[in-house]
Amino acid sequence: MKEKIIVSIVSILMFISLLCSSGCSKSDSELIPSTELIIVPIPVTTSATNSTANSFSANWEALKAIDSCYLDVSEKMDFTTKIAGYNPKVIKGSELTSQVVSGLAAGKTYYYRLQAWVKGKQGAFSNIQSVTTVAERVTLVDNQGLFGQYIVSPEEFNLWNTLDMSGAEVTGLMKQASKEIYKTWPDKFDFIVFVLNNTSNPDNKPSAQAIPLRNTVKGLGFSDKLNEAIDYGSPSQLQAVSIIYKIQFSATSTNSSIITGPILHELAHRWMNFGLNEKSDPSGGIPHWPSYTVDGNKTDLTNGGIFASPTNNYAPIELYLMGLIDGSEITDATNKALYDKIIAAQGIRIPSKANSQKDFKAIIVVVTPQALTSQQIATTNSGVTGLTNKVLTGSGVNFYRQTGGRGTLSCTLNDVKK
């Protein structure tokens, strides 16, 4: 029986061979089915890079001769559920070896894997990689989103309170804290204001201090090429950073230092006073205003302007340097004397009022060794609201009112979070 089967198979093969040798056409041969061998490579994922609070880069080794690959990202190692947009994410072509995964939560572990496709055929899944996004150190304290808190160790908080503002150590602390801010928020702030969780000023410290970091304005008395903000994590936007050394107006008051304190004074140091390099009075001069003799009388701005009192309106010379008025609008003798001296020393302000920035964005961050109390949150929220309201009447510190409605300041954070 076995021999008959073998003979039959041999006979069939001889018949096919004879048939083709007697004139099979190409179209006839196409009737004989053939199977194409498709090999789909198995991807090899590598460790994630560039992890932030909200994103990371998924990486894999180069894949050759594929049409596409599918990237799965999940909060679960078994991939029973996947995050939106990566269920899967189709990546065309074989030239890519990395994909930014964004829109993630801070301090959370994610898993990713890859699957290649060739001519409609899917291959096996790759190995699985895990990555944990960076935990946020600067966080919103509530859903109002008016300010953040930066929780530090007691030892680090002590450094914030004792180090010299001009020293490398404290600027290093501010650089680190600023970079933590940019892990959560984009580079959209003109000012960063750190408020220390103290009820009184530390020993040998002023109420507040400020450092200009970026300047493109001519006529202020310092370089229009200044760009130290990049060391703080800001490629393009940040103009100045400041510290307010206490969160409350006083140890016995629950009023926020933001609504009663020197914040607008410190913001002014972004522009002034660097235009006059003389001190005609021991109590005046850089970085504040010197006094001058005008029309035979000694005059100064100690009774006017933002440097004299945090609740004063900005003086005309201050509004000019901020780009909120033109020099022609300065008419009183004291401000005119200062204006003339600045123009003589530095030239006119460029850009002028017509083309200068009028609307500013700040982020206020409370530096604290422990979570803020509900009372501190409430009073700080009230202080920030008062600071940024667009009103021309009222009391306390308010940027819009104290610029005469010429400029605005926003501190809302929910609208700019990554």
Side-chain angles (χ1 to χ4, degrees), residues 146-147 160-161 163-166 170-171 174 177 189-213 239-274 283-290 300-315 317-319 321-322 324 360-368 376 379-389 394-404 407-411:
L146 296 180
F147 72 100
W160 280 85
N161 280 291
L163 293 175
D164 182 359
M165 178 77 168
S166 62
V170 74
T171 54
M174 291 192 294
F189 304 109
D190 300 297
F191 306 103
I192 293 177
V193 180
F194 294 110
V195 181
L196 302 193
N197 188 7
N198 297 314
T199 56
S200 60
N201 278 358
D203 292 341
N204 302 314
K205 289 292 185 184
S207 297
Q209 292 177 285
I211 302 175
L213 297 176
Q239 299 181 41
V241 62
S242 59
I243 295 180
I244 298 176
Y245 283 99
K246 60 182 181 179
I247 193 171
Q248 293 176 203
F249 179 65
S250 70
T252 58
S253 171
T254 58
N255 288 333
S256 168
S257 63
I258 293 171
I259 196 67
T260 57
I263 187 169
L264 296 189
H265 173 133
E266 300 309 322
L267 296 189
H269 281 309
R270 180 264 173 266
W271 299 277
M272 65 196 89
N273 164 41
F274 307 99
S283 63
I286 291 175
H288 300 107
W289 294 119
D300 55 35
L301 288 180
T302 56
N303 294 317
I306 203 68
F307 290 157
S309 170
T311 57
N312 281 349
N313 288 340
Y314 286 99
I317 186 62
E318 294 165 346
L319 293 173
L321 292 170
M322 295 166 72
L324 299 180
F360 301 93
K361 187 83 168 178
I363 181 170
I364 296 173
V365 176
V366 177
V367 181
T368 175
Q376 288 176 318
T379 56
T380 304
N381 274 332
S382 176
V384 176
T385 299
L387 172 71
T388 56
N389 277 341
S395 60
V397 172
N398 176 273
F399 186 78
Y400 183 78
R401 186 183 72 249
Q402 289 170 251
T403 60
T408 68
L409 180 67
S410 170
C411 294

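Since this is a predicted model, take the numbers as computed values, not measurements.
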Does Thr311 form a side-chain contact (heavy atoms from CB on, under 4.5 Å) with Ser395? I'd like the steps, not just the answer.
CA-CA 8 Å; Thr311 57; Ser395 60; over 6 Å; no

Should Ser200 and Lys246 be marked as a side chain to side chain donor-acceptor pair (under 3.5 Å) after you check the CA-CA gap, both sets of side-chain angles, and the distance that decides it?
CA-CA 6 Å; Ser200 60; Lys246 60 182 181 179; over 6 Å; no

I would like to know whether Phe399 and Leu264 meet side-chain contact (heavy atoms from CB on, under 4.5 Å); could you show each step before the answer?
CA-CA 7 Å; Phe399 186 78; Leu264 296 189; 3.8 Å; yes

Would you compute the distance between atom NZ of Lys361 and atom CD of Gln239 and round it to the nearest 0.5 angstrom?
14.5 Å

For a quick test of reading the model, state the closest non-hydrogen atom pair linking Val397 to Pro310 and the distance between them.
CG2-O, 3.7 Å

For Leu387, is there any backbone N or O sitting under 3.5 Å from a side-chain donor or acceptor partner on Arg401?
no

Please assess Ile244 against Phe194 for the test side-chain contact (heavy atoms from CB on, under 4.5 Å), listing each intermediate value before the final yes or no.
CA-CA 6 Å; Ile244 298 176; Phe194 294 110; over 6 Å; no

Hey, what do you get for CZ (Phe191) to CD1 (Ile263), rounding to the nearest 0.5 Å?
9.5 Å

Which residue is it: Leu267, Ile243, Ile363, Val365? I am looking for the one with a side-chain contact (heavy atoms from CB on, under 4.5 Å) to Val193.
Leu267

Donor-acceptor pair, side chain of Asn198 and main chain of Tyr245, under 3.5 angstrom:
yes

Looking at every heavy atom in both Phe274 and Pro212, which two are closest together, and how far apart are they?
CZ-CG, 3.8 Å

Please check if the side chain of Asn398 supplies one atom and the backbone of Gly386 the other of a donor-acceptor pair under 3.5 Å.
yes

Side-chain heavy-atom pair Thr403, Leu319 within 4.5 angstrom cut-off:
yes

side-chain contact (heavy atoms from CB on, under 4.5 Å) for Phe147 and Val366? Distances and angles first, verdict last.
CA-CA 8 Å; Phe147 72 100; Val366 177; 3.8 Å; yes

With rounding to the nearest 0.5 Å, note down the distance linking OG in Ser242 to CD1 in Ile364.
8.5 Å

Would you check if the side chain of Asn312 reaches a backbone N or O of Ile306 as a donor-acceptor pair within less than 3.5 Å?
no

Report the distance from atom CZ of Arg270 to atom CE of Met322, rounding to the nearest 0.5 Å.
10.0 Å

If you measure from CG on Asn197 to OG1 on Thr368, what distance do you get to the nearest 0.5 Å?
4.0 Å

So how far is it from Thr388 OG1 to Ile259 CD1, rounded to the nearest 0.5 Å?
8.5 Å

Residue pair Phe307, His269: steps toward the ring-ring contact (aromatic ring centres under 6.0 Å, His included) verdict:
CA-CA 9 Å; Phe307 290 157; His269 281 309; 4.7 Å; yes

With a 3.5 Å distance limit and no angle check, can you tell me whether Gln402 reaches the backbone of Tyr314 through a side-chain donor-acceptor pair?
no

